[in-house]
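Each remark here refers to the structure printed beneath this line.
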Amino acid sequence: MIEIEGLSKRYHDNIVLEDIELKIQEGEVIGIIGPSGTGKSTLLRCIDQLEIPDKGIISLDGIRVDLSKKNKKEIIKIRQNTGMVFQKFNLFEKKTALENVMEGLIVVKKMKKEEARKLALEELEKVGMLSFANHYPKHMSGGQQQRVAIARALAMKPRLLLLDEPTSALDPELVGEVLEVIKEIAAKGFTMLLVSHEMNFVKSVSNRVIFLDKGHIVEDGTPKEVFEHPKNQRTKDFFSKMSILNQPEYVI
Ligand SMILES: Nc1ncnc2c1ncn2[C@@H]1O[C@H](COP(=O)(O)OP(=O)(O)OP(=O)(O)O)[C@@H](O)[C@H]1O
Ligand SMILES: [Mg+2]
């Protein structure tokens, strides 16, 4: 189990996250939804140590790390267990797909080049990108780049995969291929936190949904509970604004 305790983050007088408590069970796929500017990305970024919160503890396999203390050794401990997929892919432009996936294996995991290469090719195959191994990002579509970014995160064998709006920078016709890959990963039992505005996708892929509003978790339940019977007025307003319940493909 991965546990987040008392996670708080503010930028000047803007309180973005306030005492977030989250227990993540092995294999859970948690969809994180909520209005824009409500702290979803900040939550993932604090967990992945890209942002330093004002306070907060993360516990993983008996390792307990104070996220608010900038300690290099502790950062590495967490980073080795988490993998992040960003909205804008963030691939290294001057490296091929294969080199992008190999990079972390060599630098962070200290693997020998040949071993890293073998593993990276396997991961590229899983996301259907083996034939693009020697291509540079600029010669790949957004969907293809995102699939390479997912392979790069998975190659590190993270205990927790963090995905921050992995499809929102993509042209509509490329969204499906990335969602398909995420669905396959979820079915394999990877533990993940998925921030997405694709409500139907969140609903179908998650086994737990969290609604974040103004830095607080105001709903936490099964997709059915949260989407069909939200407790909080803000959640109800959010759904009615998105008129999710009127979408024809919305099936329980
Ligand atoms: N580096 C920063 N400096 C100052 N304020 C920031 C910084 N990063 C985020 N914020 C503020 O923190 C709040 C939460 O931002 P965050 O990006 O976590 O929201 P979000 O829920 O991911 O929104 P969206 O759905 O639009 O991606 C916003 O008010 C934002 O302006
Ligand atoms: Mg965001």
Side-chain angles (χ1 to χ4, degrees), residues 2 4-22 24 29-58 67-70 75 78-79 82-91 142-143 145-146 149-150 153 158 160-172 174-175 178-179 182 192-203 205-206 208-221 223 226-227 230 232-244 247:
I2 301 159
I4 314 283
E5 295 166 70
L7 182 63
S8 299
K9 171 76 181 171
R10 64 160 73 198
Y11 294 105
H12 305 290
D13 53 359
N14 181 8
I15 300 169
V16 178
L17 297 172
E18 201 170 13
D19 266 325
I20 296 284
E21 303 279 332
L22 187 58
I24 306 163
V29 176
I30 306 183
I32 302 178
I33 57 171
S36 183
T38 204
K40 303 181 298 297
S41 296
T42 306
L43 174 61
L44 297 198
R45 292 175 63 81
C46 286
I47 294 173
D48 203 36
Q49 303 257 318
L50 295 167
E51 209 71 66
I52 301 167
D54 304 313
K55 74 181 189 67
I57 305 281
I58 185 166
L67 292 166
S68 69
K69 303 240 159 54
K70 205 176 177 174
I75 289 175
I78 298 299
R79 281 270 179 80
T82 56
M84 183 98 161
V85 174
F86 303 88
Q87 181 177 358
K88 292 265 173 69
F89 335 131
N90 292 13
L91 292 179
Q145 289 186 55
Q146 192 59 300
I150 292 171
L160 179 63
L161 187 64
L162 307 162
L163 301 116
D164 191 2
E165 296 190 36
T167 59
S168 64
L170 300 176
D171 291 336
L174 301 177
V175 168
V178 173
L179 293 185
I182 295 170
M192 51 172 120
L193 296 185
L194 166 71
V195 172
S196 179
H197 289 291
E198 305 263 350
M199 291 301 141
N200 289 316
F201 182 64
V202 169
K203 190 170 186 310
V205 81
S206 314
R208 181 174 163 197
V209 175
I210 281 173
F211 187 90
L212 202 62
D213 184 51
K214 295 183 182 144
H216 293 270
I217 294 174
V218 298
E219 309 275 350
D220 183 350
V226 174
F227 285 105
N232 191 282
Q233 189 56 42
R234 291 275 302 168
T235 323
K236 291 176 192 167
D237 294 346
F238 177 78
F239 287 151
S240 65
K241 235 189 255 161
M242 299 200 77
S243 58
I244 177 186
Q247 288 176 24

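Just so you know, ligand 1 is whichever comes first in the structure, and atom 1 is the first atom listed for that ligand.
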- Task: Measure H12 to ligand 1 on non-hydrogen atoms and call it side chain, backbone, both or neither using the 4.0 Å cut-off.
- Result: neither
- Query: Just which atoms of ligand 1 are under 4.0 Å from any heavy atom in G39?
  - Reply: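 Atoms satisfying the 4.0 Å criterion: 14 (C), 18 (O), 19 (O), 20 (P), 21 (O).
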- Item | Atom indices of ligand 1 within 4.0 angstrom of T38 heavy atoms, with elements |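 So the atoms of ligand 1 that pass are 19 (O), 20 (P), 21 (O).
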- Query: In a check of side-chain contact (heavy atoms from CB on, under 4.5 Å) between M192 and each of I30, V29, L160, which one passes?
  - Reply: V29
- Taking atom types as modelled and ignoring hydrogens, do the side chains of E165 and S196 form a donor-acceptor contact shorter than 3.5 angstrom?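 Their side chains do not contain a donor-acceptor pair, so the 3.5 Å distance test is not met.
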- Verify the distance criterion only: is there a donor paired with an acceptor across the side chains of D54 and S8 at less than 3.5 Å?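 Not at all, the side chains of D54 and S8 share no donor-acceptor pair under 3.5 Å.
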Among all protein heavy atoms, pick the one closest to [atom] and tell me residue, atom and distance.
atom                    : answer
atom 12 (O) of ligand 1 : V16 CG2, 3.2 Å
atom 10 (N) of ligand 1 : Y11 CE1, 3.3 Å
atom 27 (O) of ligand 1 : E165 OE2, 3.3 Å
atom 31 (O) of ligand 1 : N14 ND2, 4.5 Å
atom 15 (O) of ligand 1 : T42 OG1, 3.7 Å
atom 25 (O) of ligand 1 : K40 NZ, 2.7 Å
atom 26 (O) of ligand 1 : S36 OG, 2.5 Å

- Applying a strict 4.0 Å limit to heavy atoms, is Q87 in contact with ligand 1? no
- Query: Is E51 in contact with ligand 1, taking contact as a heavy-atom separation below 4.0 Å?
  - Reply: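 So E51 does not count as touching ligand 1.
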- Message: Please compare G215, C46, S41 and report which has the shortest non-hydrogen distance to atom 22 (O) of ligand 1.
- Response: S41
- Item | Option whose closest heavy atom lies nearest to atom 14 (C) of ligand 1, chosen from G34, S196, G37 |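 That would be G37.
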- First locate atom OG1 of T38, then atom NZ of K214, and finally report the distance between them rounded to the nearest 0.5 Å.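 Spacing of OG1 (T38) from NZ (K214) equals 8.0 Å.
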Is there side-chain contact between [X] and [Y], with at least one heavy-atom pair below 4.5 Å?
X    : Y    : answer
F211 : P230 : no
T42  : Y11  : yes
I4   : I47  : yes

- Is it true that R45 and D164 make a salt bridge, defined as a side-chain N closer than 4.0 Å to a carboxylate O?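 Looking at D164 together with R45, the answer is no, because their closest N to O distance does not fall below 4.0 Å.
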- Query: side chain to side chain contact (heavy atoms under 4.5 Å, CB included) between E198 and V175: does it pass, once the steps are laid out?
  - Reply: CA-CA 10 Å; E198 305 263 350; V175 168; 3.7 Å; yes
- Message: If I take every N, O or S atom of S36, is at least one of them less than 2.8 Å from the Mg ion (ligand 2)?
- Response: no
- Query: Which of these, R234, K40, K236, sits in a salt bridge (charged side-chain N to carboxylate O under 4.0 Å, His left out) with D213?
  - Reply: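 Exactly one pass, corresponding to R234.
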